[in-house]
Engineer: 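Mind having a look at this structure? Questions to follow.
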Amino acid sequence: APEQGAAPSLAGRHVLVTSGPTHEPIDPVRYIANRSSGRQGHAIAAALAGLGARVTLVSGPVALPDPAGVTVRHVETAQQMLAACQTALPADAAVFAAAVADWRVAHEAALKLKKKPGGTPPELALVPNPDILAAIAAPGPQRPRLVIGFAAETHEILMHAEGKRQRKNADWIVANDVRPESGIMGGTENQVQLVTAAGVEAWPRLDKDAVAQRLAARIATALAAQAT
Ligand code: CTP
Ligand code: CA
């Protein structure tokens, strides 16, 4: 197993990573967002850089410093995140750890929405955001050779993870349990199962940095094995 020996170098490889939430504006002072600290995605970017990769990290709004040795593109919305990912291509591998808002407000208000005395609350019409992972993983000349997604689930984890792997044309899905009682969301540890075409691998509960290092080593091994 790669985690037992030294991982191959990623020197000369370019890896794209997304991390953090996206913010979808309602008006100049309000937005819709997902819960995400960005810790796991940022740790993955740092671990890949530690193995020698050139890393482009496309990050939504997070309260974390930019990882050292990584090119960081700061974005706010899902549409901006998709555009930044497309601009970053080509890449040998891509890891989609961001918690992208599935919907955005159809019509962003230019001015702050105001309460009117006795008035009814505004109704927000939502439209779907692009699926960034599915867009980058779609077959084509720009598709990275190894595409990895995440699946944060509260129930039927493996079924949903394998469904996402196939539907989005990802090679691997890192599945984790985000029920509040798991303590994963916002915490420093993660417990994941790696879902690939070959099957499911359960990893022990580890520090998010250790999960990142193990994943980076797996990516390095996979790219080395398919090198031409
Ligand atoms: N993802 C993405 N762009 C989106 C939505 C999701 O790139 N608009 C990526 C995430 O970064 C993650 C994977 O797709 O790697 C799965 O995200 P998730 O939210 O679990 O899947 P969804 O397809 O949005 O399904 P749902 O939220 O209904 O579970
Ligand atoms: Ca989603």
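Since this is a predicted model, take the numbers as computed values, not measurements.
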Engineer: Enumerate the salt bridge (charged side-chain N to carboxylate O under 4.0 Å, His left out) contacts for residues 122-136, please, sequence neighbours excluded, ordered by first and then second residue.
Structural biologist: Asp131-Lys168

Engineer: Mind checking what makes salt bridge (Lys or Arg N to Asp or Glu O under 4.0 Å) contact with Arg165, not counting sequence neighbours?
Structural biologist: Glu162

Engineer: Considering only residues two or more places apart or on different chains, which pairs with a residue in residues 79-130 satisfy ring-ring contact (aromatic ring centres under 6.0 Å, His included)?
Structural biologist: none

Engineer: Counting C-beta onward and ignoring hydrogens, is there a side-chain heavy-atom pair between Trp203 and Val174 closer than 4.5 Å?
Structural biologist: no

Engineer: Output the rest of the hydrophobic cluster of Leu64: all Ile, Leu, Val, Met, Phe, Trp and Tyr residues reachable through side-chain heavy-atom contacts under 4.5 Å, sorted by chain and number.
Structural biologist: Val62

Engineer: Taking salt bridge (Lys or Arg N to Asp or Glu O under 4.0 Å) as the definition, give me every residue that meets it alongside Lys164, ordered by chain and number, with sequence neighbours left out.
Structural biologist: Glu153

Engineer: Name all pairs fulfilling the salt bridge (charged side-chain N to carboxylate O under 4.0 Å, His left out) condition that reach into residues 45-57, sequence neighbours left out, sorted by first residue then second.
Structural biologist: none

Engineer: Let me know which of Val95, Asp171, Val15, Ile136 forms a side-chain contact (heavy atoms from CB on, under 4.5 Å) with Pro144.
Structural biologist: Ile136

Engineer: How long is the gap from CD1 on Ile173 to CD1 on Ile157, to the nearest 0.5 Å?
Structural biologist: 13.5 Å

Engineer: Arg143 versus Asn169: any side-chain heavy-atom pair under 4.5 Å?
Structural biologist: yes

Engineer: Run the salt bridge (Lys or Arg N to Asp or Glu O under 4.0 Å) test against Asp207 and tell me which residues pass, sequence neighbours left out.
Structural biologist: none

Engineer: According to side chain to side chain donor-acceptor pair (under 3.5 Å), does anything in residues 60-73 pair up with another residue at least two apart or in another chain? List the pairs.
Structural biologist: Asp66-His74

Engineer: Apart from Tyr31 itself, which Ile, Leu, Val, Met, Phe, Trp or Tyr residues share its cluster (side-chain heavy atoms under 4.5 Å, direct or through members)?
Structural biologist: none

Engineer: Taking ring-ring contact (aromatic ring centres under 6.0 Å, His included) as the cut-off, I'd like each qualifying pair that reaches into residues 120-156, sequence neighbours left out, listed once.
Structural biologist: His155-His160

Engineer: Taking side chain as C-beta onward, heavy atoms only, is Ile32 less than 4.5 Å from Arg104?
Structural biologist: no

Engineer: Donor-acceptor pairs are to be reported for all side-chain atoms of residues 19-28 against protein atoms at under 3.5 Å, with residues two or more places apart or in another chain.
Structural biologist:
residue : atom : partner : partner atom : Å
Ser19   : OG   : Gly38   : O            : 3.1
Ser19   : OG   : His42   : N            : 3.3
Ser19   : OG   : His42   : ND1          : 2.9
Thr22   : OG1  : Glu24   : OE2          : 2.8
Thr22   : OG1  : Ala101  : N            : 3.0
Glu24   : OE2  : Ala78   : N            : 3.0
Glu24   : OE2  : Asn129  : ND2          : 3.2
Asp27   : OD1  : Val29   : N            : 2.8
Asp27   : OD1  : Arg30   : N            : 2.9
Asp27   : OD2  : Arg30   : NH1          : 2.5
Asp27   : OD2  : Leu113  : N            : 2.9

Engineer: Enter the distance from Ile184:CD1 to Ser37:OG here, rounded to the nearest 0.5 Å.
Structural biologist: 11.0 Å

Engineer: Once salt bridge (Lys or Arg N to Asp or Glu O under 4.0 Å) is applied, do any residues pair with Arg167, and if so which ones, sequence neighbours excluded?
Structural biologist: none

